[in-house]
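Report on the structure given below.
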Amino acid sequence: MSSTSQKHKEFVAEPMGEKLVMALAGIGEVLGKRLEEKGFDKAYVVLGQFLVLKKDEELFRDWLKDTCGANVKQQGDCYGCLREWCDSFL
């Protein structure tokens with residue numbers, strides 16, 4: 001990943017707390033609503049799934065695509081955001 005979005009930088013700069021799922025890089029309003037409808041309303045709930053999948057990029061990308069219809073760029077942005085957050089805070 002050559003560059004990261006402002007949203008990514010803001011997310012990984014601090015503890016997750018109660019941030020909404022739409023705070024994750026790659027997750028906008030449409031995908032956020034789809035995730036919320038399936039019970040993934042907070043960023044930490046998506047982090048839980050990320051950890052259940054053992055931080056495996058391919059598995060997480062597939063899960064995100066199947067769960068909310070994320071495209072390849074959105075999958076990569078969200079994965080990179082969570083991976084970097086974990087590297088900093090876990």
Side-chain angles (χ1 to χ4, degrees):
M1 186 183 307
S2 58
S3 66
T4 54
S5 67
Q6 186 63 35
K7 190 174 183 182
H8 175 110
K9 290 174 187 170
E10 290 171 5
F11 189 86
V12 301
E14 61 188 13
M16 195 174 301
E18 294 289 321
K19 290 181 182 178
L20 296 175
V21 69
M22 288 176 262
L24 289 163
I27 306 298
E29 193 172 333
V30 173
L31 296 184
K33 295 268 186 236
R34 291 178 189 162
L35 285 164
E36 286 174 358
E37 289 169 2
K38 296 189 177 176
F40 296 91
D41 58 333
K42 302 283 187 178
Y44 68 79
V45 182
V46 176
L47 172 66
Q49 184 64 31
F50 179 76
L51 296 174
V52 165
L53 296 172
K54 299 182 179 182
K55 300 192 259 185
D56 182 275
E57 183 172 5
E58 184 178 351
L59 291 175
F60 182 75
R61 283 174 171 263
D62 287 347
W63 173 82
L64 207 54
K65 179 183 174 189
D66 295 343
T67 304
C68 67
N71 67 32
V72 171
K73 181 181 184 327
Q74 293 161 331
Q75 295 163 26
D77 288 350
C78 189
Y79 171 80
C81 182
L82 286 172
R83 186 196 65 228
E84 186 174 332
W85 188 92
C86 286
D87 290 346
S88 296
F89 292 98
L90 292 183

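It should be emphasised that the depicted structure is a prediction, and the values quoted were computed from it without experimental measurement. These values consider heavy atoms only, across backbone and side chains, with no hydrogens, waters or symmetry-generated copies.
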*Set of residues satisfying side-chain contact (heavy atoms from CB on, under 4.5 Å) with respect to Lys73, sequence neighbours excluded*: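 Lys73: side-chain contact (heavy atoms from CB on, under 4.5 Å) contacts with Asn71, Asp77.
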*asked:* I'd like to check the side-chain contact (heavy atoms from CB on, under 4.5 Å) partners of Glu57; sequence neighbours left out, ordered by chain and number.
replied: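 Counting only residues at least two positions away or on another chain, Glu57 forms a side-chain contact (heavy atoms from CB on, under 4.5 Å) with Arg61, Tyr79.
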*Might you point out which heavy atoms bring Ile27 and Cys78 nearest each other, and give the distance in Å?*
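Closest approach of Ile27 to Cys78: CG1-SG, 4.0 Å.
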_For a quick test of reading the model, state the closest non-hydrogen atom pair linking Met22 to Gly28 and the distance between them._
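Between these two residues, the closest heavy atoms are CG-O, 3.4 Å.
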*Tell me the ring-ring contact (aromatic ring centres under 6.0 Å, His included) pairs involving residues 19-38, sequence neighbours left out?*
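Output for this query is empty, none listed.
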*Pairs where residues 6-26 contributes a residue and the test salt bridge (charged side-chain N to carboxylate O under 4.0 Å, His left out) is met, not counting sequence neighbours*: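 Salt bridge (charged side-chain N to carboxylate O under 4.0 Å, His left out) check on residues 6-26 returns Glu14-Lys19, Glu18-Lys42.
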*Going by the salt bridge (charged side-chain N to carboxylate O under 4.0 Å, His left out) test, which pairs reach into residues 25-36, not counting sequence neighbours?*
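Salt bridge (charged side-chain N to carboxylate O under 4.0 Å, His left out) check on residues 25-36 returns no pairs.
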*Residue pair Cys68 / Val30, side-chain heavy-atom distance below 4.5 Å*: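 Side-chain contact under 4.5 Å: no.
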*Non-hydrogen side-chain atoms of Val21 and Val45 separated by less than 4.5 Å*: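 Side-chain contact under 4.5 Å: no.
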*In the single-linkage hydrophobic clustering (I, L, V, M, F, W, Y; side-chain heavy atoms under 4.5 Å), do Leu90 and Val46 co-cluster?*
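Yes, Leu90 and Val46 fall within the same hydrophobic cluster.
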*Following the transitive rule for hydrophobic clusters with a side-chain heavy-atom cut-off under 4.5 Å over Ile, Leu, Val, Met, Phe, Trp and Tyr, establish whether Phe89 and Leu24 coincide in one cluster.*
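Both belong to a single hydrophobic cluster.
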*Return the set of residues passing side chain to side chain donor-acceptor pair (under 3.5 Å) with Gln75 (not counting sequence neighbours), or none when no residue passes.*
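For Gln75 there are no side chain to side chain donor-acceptor pair (under 3.5 Å) partners, ignoring immediate neighbours.
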*Which residues satisfy the side chain to side chain donor-acceptor pair (under 3.5 Å) test with Trp63, sequence neighbours excluded?*
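With neighbours one apart ignored, the set is Thr67.
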_ring pair (Phe, Tyr, Trp, His ring centres under 6.0 Å) against Tyr44, all qualifying residues, sequence neighbours excluded_ =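 For Tyr44, no residue satisfies ring pair (Phe, Tyr, Trp, His ring centres under 6.0 Å) once neighbours in sequence are set aside.
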*Rounded to the nearest 0.5 Å, what separation is found between the CG atom of Leu35 and the CG atom of Asp41?*
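Answer rounded to 0.5 Å: 10.0 Å.
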Output side-chain donor-acceptor pairs under 3.5 Å for residues 49-56, partner residues at least two apart or in another chain, one line each.
residue	atom	partner	partner atom	Å
Asp56	OD1	Glu58	N	3.2
Asp56	OD1	Leu59	N	2.8

*Given Thr4 and Cys81, is the side-chain contact (heavy atoms from CB on, under 4.5 Å) satisfied, shown in steps?*
CA-CA 9 Å; Thr4 54; Cys81 182; over 6 Å; no
